[in-house]
Engineer: 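I am attaching a structure below and will ask some questions about it afterwards.
Side chains included, hydrogens not; waters and symmetry mates left out as well; all remaining heavy atoms used.
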Amino acid sequence: NYVVVKEDKEAVDNLNDEDIKEILALSKDENIGERVMNSIAPSIYGHDNIKRAIGLSLFSGVPKNPGKKHKVRGDINVLLCGDPGTAKSQFLKYVTKVAHRPVFTT
């Protein structure tokens, strides 16, 4: 399992009929959440809660404009805190390779 990062415009322009069929099939898969979670940093064993949080953050949230007064960004931030050996840095390095606009800080 791996993800290849492409520019958004390039990725959308290069979708063919087979890609669209595959995306539609995946959208109907009841286990898509588990599949996404299992594809995140597959070399790191366990840590399912961390992988789930990272997977949800990669899909981002929905920007809102309540009452047309101010915008609320839909970005989801993840703060990983834990004992040594939780693979925090390895998870973050993985995300910087696949995320749209990653910010990696330690």
Side-chain angles (χ1 to χ4, degrees):
N1 295 331
Y2 63 92
V3 176
V4 177
V5 180
K6 296 181 179 178
E7 294 295 322
D8 287 345
K9 181 79 170 135
E10 178 187 341
V12 171
D13 289 344
N14 291 331
L15 285 177
N16 58 35
D17 290 339
E18 186 178 325
D19 293 333
I20 293 170
K21 284 180 185 177
E22 188 173 343
I23 291 168
L24 290 174
L26 286 171
S27 72
K28 295 174 183 158
D29 184 356
E30 293 180 9
N31 296 320
I32 190 66
E34 293 296 317
R35 291 180 69 177
V36 169
M37 185 182 75
N38 291 334
S39 69
I40 293 175
S43 63
I44 301 171
Y45 179 77
H47 303 294
D48 292 340
N49 289 335
I50 295 172
K51 291 181 179 186
R52 182 173 285 113
I54 291 171
L56 292 171
S57 70
L58 286 173
F59 285 94
S60 191
V62 178
K64 296 180 176 135
N65 193 350
K68 307 283 184 199
K69 295 180 181 177
H70 64 280
K71 287 186 178 181
V72 178
R73 292 182 305 179
D75 299 338
I76 297 174
N77 299 301
V78 175
L79 171 65
L80 290 178
C81 299
D83 295 330
T86 312
K88 298 176 296 288
S89 295
Q90 287 80 4
F91 279 120
L92 294 175
K93 287 177 186 175
Y94 175 83
V95 171
T96 61
K97 294 178 184 176
V98 298
H100 176 61
R101 293 177 12 203
V103 178
F104 176 46
T105 59
T106 58

Engineer: Residues two or more places apart in sequence or in another chain: which of them pass side chain to side chain contact (heavy atoms under 4.5 Å, CB included) with I20?
Structural biologist: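 Scan of I20 (side chain to side chain contact (heavy atoms under 4.5 Å, CB included), adjacent residues dropped) gives L15, L24.
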
Engineer: Is there a path of hydrophobic side-chain contacts, each under 4.5 Å between heavy atoms, that joins L56 and V36?
Structural biologist: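 In one cluster with L56: V36, no.
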
Engineer: D17: what forms a salt bridge (charged side-chain N to carboxylate O under 4.0 Å, His left out) with it, not counting sequence neighbours?
Structural biologist: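 Per chain and number, D17 pairs via salt bridge (charged side-chain N to carboxylate O under 4.0 Å, His left out) with no residue.
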
Engineer: For N31, enumerate each residue passing the side chain to side chain contact (heavy atoms under 4.5 Å, CB included) test, keeping only those at least two apart in sequence or located in another chain.
Structural biologist: D29

Engineer: Mind checking whether I40 and I32 sit in one hydrophobic cluster, side chains of I, L, V, M, F, W, Y counted as touching below 4.5 Å?
Structural biologist: yes

Engineer: Any donor-acceptor pair under 3.5 Å linking the side chain of K21 with the backbone of N16?
Structural biologist: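 The answer is no, because no donor-acceptor pair under 3.5 Å joins these two groups.
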
Engineer: Identify each donor-acceptor pair in which a side-chain atom of residues 41-55 lies under 3.5 Å from a protein atom, sequence neighbours left out, and give them as a table.
Structural biologist:
residue: K51; atom: NZ; partner: A41; partner atom: O; Å: 3.4
residue: K51; atom: NZ; partner: I44; partner atom: O; Å: 2.7
residue: R52; atom: NH2; partner: E34; partner atom: OE2; Å: 3.2

Engineer: So how far is it from L80 CG to L92 CG, rounded to the nearest 0.5 Å?
Structural biologist: 5.0 Å

